[in-house]
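Data first, discussion second: the structure below is written as C-alpha cells.
All chains are named by letter (A, B, ...) in the order of the sequence lines, taking the proteins before the strands, and each is independently numbered beginning at 1.
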Protein chains: 2
Amino acid sequence: MNILLPVRDALDVINGKWKLQIIIAINNGNKRFKDIERQIPGITARMLSKELKDLESHQLIKRTVYDTLPVSVEYTPTPHAATLMPLIEALKEWGTLHRKKILKDKA
Amino acid sequence: MNILLPVRDALDVINGKWKLQIIIAINNGNKRFKDIERQIPGITARMLSKELKDLESHQLIKRTVYDTLPVSVEYTPTPHAATLMPLIEALKEWGTLHRKKILKDKA
DNA sequence: CCGTATCCGTGAGGATACTG
DNA sequence: CAGTATCCTCACGGATACGG
C-alpha cells in the first residue's frame with residue numbers, strides 16, 4: 001500500500017542532476033569518458049567522474065579498463081540499467097508535456 | 001532526437017527529495033498541512049512549506065484558504081499534477097525492482 | 001492549528017589546474 | 001585520453017522559535 005517507500009528508494013538512486021542523463025548517454029552507445037562528457041551539456045569532468053563511480057556502485061554501469069597505450073576505459077550499461085528505460089521514457093514524456101504547458105501559459 | 005532535453009526539464013521540476021512524495025500525499029487525498037506532514041516521514045514543516053510554494057508556482061497544486069476560525073488551508077492537485085501519475089508509477093515500479101535486486105545480492 | 005522566520009551545517013555541484 | 005586535486009559557492013535541508 002505504501003507507495004512512498006519504493007518511490008523513495010528510486011529517488012535515492014537516481015537523485016541529483018546528472019545520473020539519469022549519464023545513463024541515457026551510455027545507453028545511447030557512448031562508452032568513453034570524453035564521449036559521455038560531450039553528450040551532456042554543462043557537466044564537468046569532476047562531476048562525471050564522481051557520478052560514474054556512484055552508478056557503478058549501484059550496479060547500473062560497468063567499468064572496463066583496456067590495457068592499451070594510453071589506457072582506454074569503457075563504460076557499458078548493465079542489465080539492471082535497462083530496467084530504468086520505462087522510467088526514463090516516462091520522464092521524457094512528462095518533460096515534453098510540461099514544456100508544452102509552460103509555453104502555452106506564457107502565450 | 002534529443003531525449004536529454006525533456007528529461008532535464010522534468011528533473012528540474014521534480015528535483016529534490018520531497019516534491020514527488022508531496023504530490024503523492026496530496027493525490028492520496030491529504031489536503032491539510034498537518035496531514036501531508038504526517039504522511040511523509042522525515043519531512044520538516046519548513047521544507048514542506050517551501051516545497052508547497054514551489055509546487056504551487058509550477059502549477060502542480062492549488063492552495064485554497066478558507067476563512068474559518070482558525071483559518072484552514074487546503075492543498076489540492078491540479079489537472080497538471082494528474083499527468084505526473086505515470087511517472088510516479090514508473091518510479092514506484094523501479095524502486096520495487098531495485099529493492100528486490102539489492103536484497104537478492106546481499107543474500 | 002497552520003504555517004513563516006531565522007540561524008546554521010553539510011553536501012551537491014562548479015571552475016580551474018594538474019597528473020599518468 | 002581519463003581522470004584527480006583543490007578551492008569555492010550556494011541551495012538543500014535540519015532545529016528552533018515565533019506569529020496569525
Side-chain angles (χ1 to χ4, degrees), chain A residues 4 7-26 28-58 60-77, chain B residues 4 7-26 28-58 60-77:
Chain A
L4 280 182
V7 168
R8 290 167 86 111
D9 288 343
L11 288 176
D12 279 351
V13 176
I14 60 150
N15 64 358
K17 210 168 150 181
W18 303 116
K19 293 210 177 58
L20 284 176
Q21 300 188 57
I22 294 170
I23 302 265
I24 293 169
I26 294 180
N28 276 354
N30 300 282
K31 301 170 187 296
R32 313 296 297 276
F33 191 92
K34 276 291 175 194
D35 290 340
I36 300 168
E37 191 180 358
R38 267 188 290 267
Q39 281 290 312
I40 305 177
I43 198 169
T44 59
R46 184 183 113 86
M47 288 311 296
L48 182 52
S49 174
K50 256 188 24 173
E51 299 287 61
L52 284 171
K53 278 180 193 165
D54 220 42
L55 291 172
E56 197 190 355
S57 85
H58 282 301
L60 290 169
I61 59 173
K62 189 159 155 312
R63 183 181 195 267
T64 315
V65 181
Y66 294 97
D67 199 2
T68 51
L69 198 63
V71 268
S72 56
V73 182
E74 283 191 4
Y75 297 92
T76 48
Chain B
L4 280 183
V7 169
R8 291 167 84 111
D9 288 342
L11 288 176
D12 278 351
V13 176
I14 60 150
N15 65 357
K17 212 168 151 181
W18 304 116
K19 292 209 178 59
L20 283 177
Q21 301 189 56
I22 294 170
I23 302 264
I24 293 169
I26 294 180
N28 276 353
N30 300 282
K31 300 171 186 298
R32 313 296 297 276
F33 191 92
K34 277 291 175 195
D35 292 339
I36 301 168
E37 191 180 0
R38 268 188 289 268
Q39 281 289 312
I40 306 177
I43 198 169
T44 60
R46 183 183 116 84
M47 288 312 295
L48 182 52
S49 175
K50 256 187 29 171
E51 299 286 60
L52 284 170
K53 277 182 192 164
D54 220 41
L55 292 171
E56 196 190 356
S57 85
H58 283 302
L60 289 169
I61 60 173
K62 188 159 154 313
R63 183 180 196 268
T64 314
V65 181
Y66 293 99
D67 200 2
T68 52
L69 198 63
V71 265
S72 58
V73 182
E74 284 190 3
Y75 298 92
T76 48

Exercise answer: donor-acceptor pairs, residues 11-22 of chain B side-chain atoms, under 3.5 Å, sequence neighbours excluded:
residue : atom : partner : partner atom : Å
B/Asn15 : OD1  : B/Lys19 : NZ           : 3.1
B/Asn15 : ND2  : B/Asp12 : O            : 3.4
B/Lys19 : NZ   : B/Asn15 : O            : 3.2
B/Lys19 : NZ   : B/Glu51 : OE1          : 3.3
B/Lys19 : NZ   : B/Asp54 : OD2          : 3.3
B/Gln21 : OE1  : A/Arg8  : NH1          : 2.8
B/Gln21 : NE2  : B/Lys17 : O            : 2.8

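- Side-chain N/O atoms of B/Arg63 include one lying less than 4.0 angstrom from OP1 or OP2 on C/dG3.
- Remark: B/Arg32 is not in phosphate contact with C/dC1, judged by side-chain N or O atoms under 4.0 Å from OP1 or OP2.
- For the pair A/Ile14 CD1 and C/dA12 C1', the computed distance is 16 Å after rounding to whole Å.
- Spacing between atom OH of A/Tyr66 and atom P of D/dC1 amounts to 18 Å, rounded to whole angstrom units.
- Per the geometry, CG belonging to A/Asp67 stands 14 Å off C1' belonging to D/dC1, to the nearest Å.
- One interatomic measurement links the two molecules: NZ of A/Lys53 to C1' of D/dA5, which rounds to 11 Å at whole-angstrom precision.
- Proximity of B/Ile61 to B/Arg63: side-chain heavy atoms (C-beta onward) are nowhere separated by under 4.5 Å.
- Proximity of B/Lys31 to the phosphate of C/dC2: no side-chain N or O atom is located under 4.0 Å from OP1 or OP2.
- Note: CD1 (B/Ile36) to P (C/dC1) measures 15 Å, nearest angstrom.
- A heavy-atom distance below 4.5 Å is not found between the side chains of A/Lys62 and A/Glu56.
- Checking side-chain atoms of A/Asp35 against main-chain N and O of A/Asn30 turns up no donor-acceptor pair under 3.5 Å.
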Exercise for the section: Determine, step by step, whether B/Lys34 and B/Glu37 satisfy the salt bridge (Lys or Arg N to Asp or Glu O under 4.0 Å) criterion, reporting the C-alpha distance in whole Å, the side-chain angles of both residues, the deciding distance to 0.1 Å, and the verdict. Expected result: CA-CA 5 Å; B/Lys34 277 291 175 195; B/Glu37 191 180 0; 3.4 Å; yes
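- An OP1 or OP2 oxygen of C/dG3 is reached within less than 4.0 angstrom by a side-chain nitrogen or oxygen of B/Tyr75.
- In this structure the side chain of A/Leu55 never reaches within 4.5 angstrom of the side chain of A/Tyr75, judged on heavy atoms.
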Practice task
Can you check each nucleotide of nucleotides 10-19 of chain D against protein heavy atoms at under 4.0 Å and return B for base, S for sugar-phosphate only, - for none, in 5' to 3' order?
Solution key: ---BBB----
